[in-house]
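Following: one structure in structure tokens, then a few remarks.
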2 protein chains.
Amino acid sequence: MDRIQLQNSFEAYFNELGYGIDWQRLTVRMDVHVIRKGDYLFRQGDFANRLYFLHSGLVRYVSISDEGKEFTQTFAKGPRIIGSTKAMVTETRTLFGIQALEDSMFSSYPWQVFYEQMRHDIGFLECYAKFLERIFITKEERENAFVKYSAERRYLDFCAAYPELKDSIPQQQIASYIGITPVALSRIRQRLKLARG
Amino acid sequence: MDRIQLQNSFEAYFNELGYGIDWQRLTVRMDVHVIRKGDYLFRQGDFANRLYFLHSGLVRYVSISDEGKEFTQTFAKGPRIIGSTKAMVTETRTLFGIQALEDSMFSSYPWQVFYEQMRHDIGFLECYAKFLERIFITKEERENAFVKYSAERRYLDFCAAYPELKDSIPQQQIASYIGITPVALSRIRQRLKLARG
DNA sequence: AGAAGGAATTAACCTAGGTTAAGAATATAG
DNA sequence: CTATATTCTTAACCTAGGTTAATTCCTTCT
């Protein structure tokens, strides 16, 4: 896959959010990253001020507490925009890292320059707003699930929402996504198995 | 406070997020709401498809689980934009209600019409994107706190972040904001009192 | 001021999930 | 095809926070 193809698939993805983005304005150079399963695109605490586009592969957003416990915030499958909105927009350190769960390919732009070049295009701004709406709503729904439902219910919802991930990633990562330990998840699965007869 | 003043303070608030919004485009009629302490602006499960501006007063976003337990997602003090982004944007039911903690005054617009009139203005779109960035980052930081810190730590952080609320709202609402019961919060406060000697 | 309805505290008990550790089941590498 | 390392399960025990309920403390209303 060459740079032109990468560029095109990124533009196509973003264009789908709205109408008529003027990509001619974008002159800043794109970087290309290829990382292997298990490696990190960036780590928690980095100044990850780039906009990343995941072309192919699978990643998770993972944050680690002071005591070293991992928590998976999101799974993301390409093609999709990824990155830390907070770190990009406010030029601060990230609250999470991004780890590849499969070999993955990304392109990226420095956000401040990208935004400065594109913010004068109304088509871009509308797509950017749509993108932000979408990720905000996702967070709203996830907060809701966390607050209202038990770990067992969240596990069942996860299996329904990500049937393709359910069996293809380690259970400890599912556990860290629903906010419990692998041991607790194993117990829940045991309980469900018995309940099913 | 008359309608013109309400309109002006809303525009001033939104203008601060960026430059040069063309408010002439906005011709749809604004509604005005006044509600008393304890009452709801809208309830969880409503189609709250309006953009609300809280001019004065204090509200909380509260969601209630199937078992009837309350969880406070946000406290918001005027002047500020409030409402459910999800319900507005996707025309679905809200996941939370908005309750006044003090007598409060709002204005509101039907979002779909508002957006249709304003989306052709680049100044508005940029402000809207900035607004979305801001609320997204707030959620990102709160998710982080929930996942990484104990209830005690979240309580201390709350006291530091909202010193003015700490003593002016019922403790049960602080408890529901940090995600525990009033009884548990009382225990934590007791423990902290002892620790301080 | 007195009555009444919340709000906060405290205590006793319960439970979901955490912790540690050992064994069984899979992967992955050589 | 072993050997080594992960991952998953299971069990025993622990802990933070939930539940219920009684008691005290504030408000607020008349």
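Letters A, B, ... mirror the listed sequences (proteins, then strands); counts begin at 1.
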Closest nucleotide among D:dC8, C:dA7, C:dG18 to the A:P170 side chain: D:dC8
A:K193 side chain near D:dT9 phosphate (N/O to OP1/OP2, under 4.0 Å): no
5' precedence on DNA chain C between B:I169 and B:R187 (nearest-nucleotide basis): B:I169
C:dG18 phosphate, OP1 or OP2, under 4.0 Å from A:T181 side-chain N/O: yes
Whole-Å gap separating P (D:dT15) and CD1 (B:I188): 17 Å
N/O (side chain, A:Q172) to phosphate O (OP1/OP2, D:dT7) under 4.0 Å: yes
B:K130, NZ atom: more than 12 neighbouring heavy atoms under 6.0 Å: yes
Nucleotide nearest B:V183 when distance is taken to its side chain, options C:dG17, D:dG17, C:dA11: C:dA11
OP1 or OP2 of C:dA7 under 4.0 Å from side-chain N/O of B:Q173: no
A:Y177 six-ring face occupied by A:R142 cation (under 6.0 Å, within 45°): yes
Pair B:Y61 and B:F96, ring centroids less than 6.0 Å apart: yes
Distance flag, aromatic centroids of B:F53 and B:Y13, threshold under 6.0 Å: yes
C:dG18 phosphate, OP1 or OP2, under 4.0 Å from A:K69 side-chain N/O: no
Any B:Q190 side-chain N or O less than 4.0 Å from OP1/OP2 of C:dT9: no
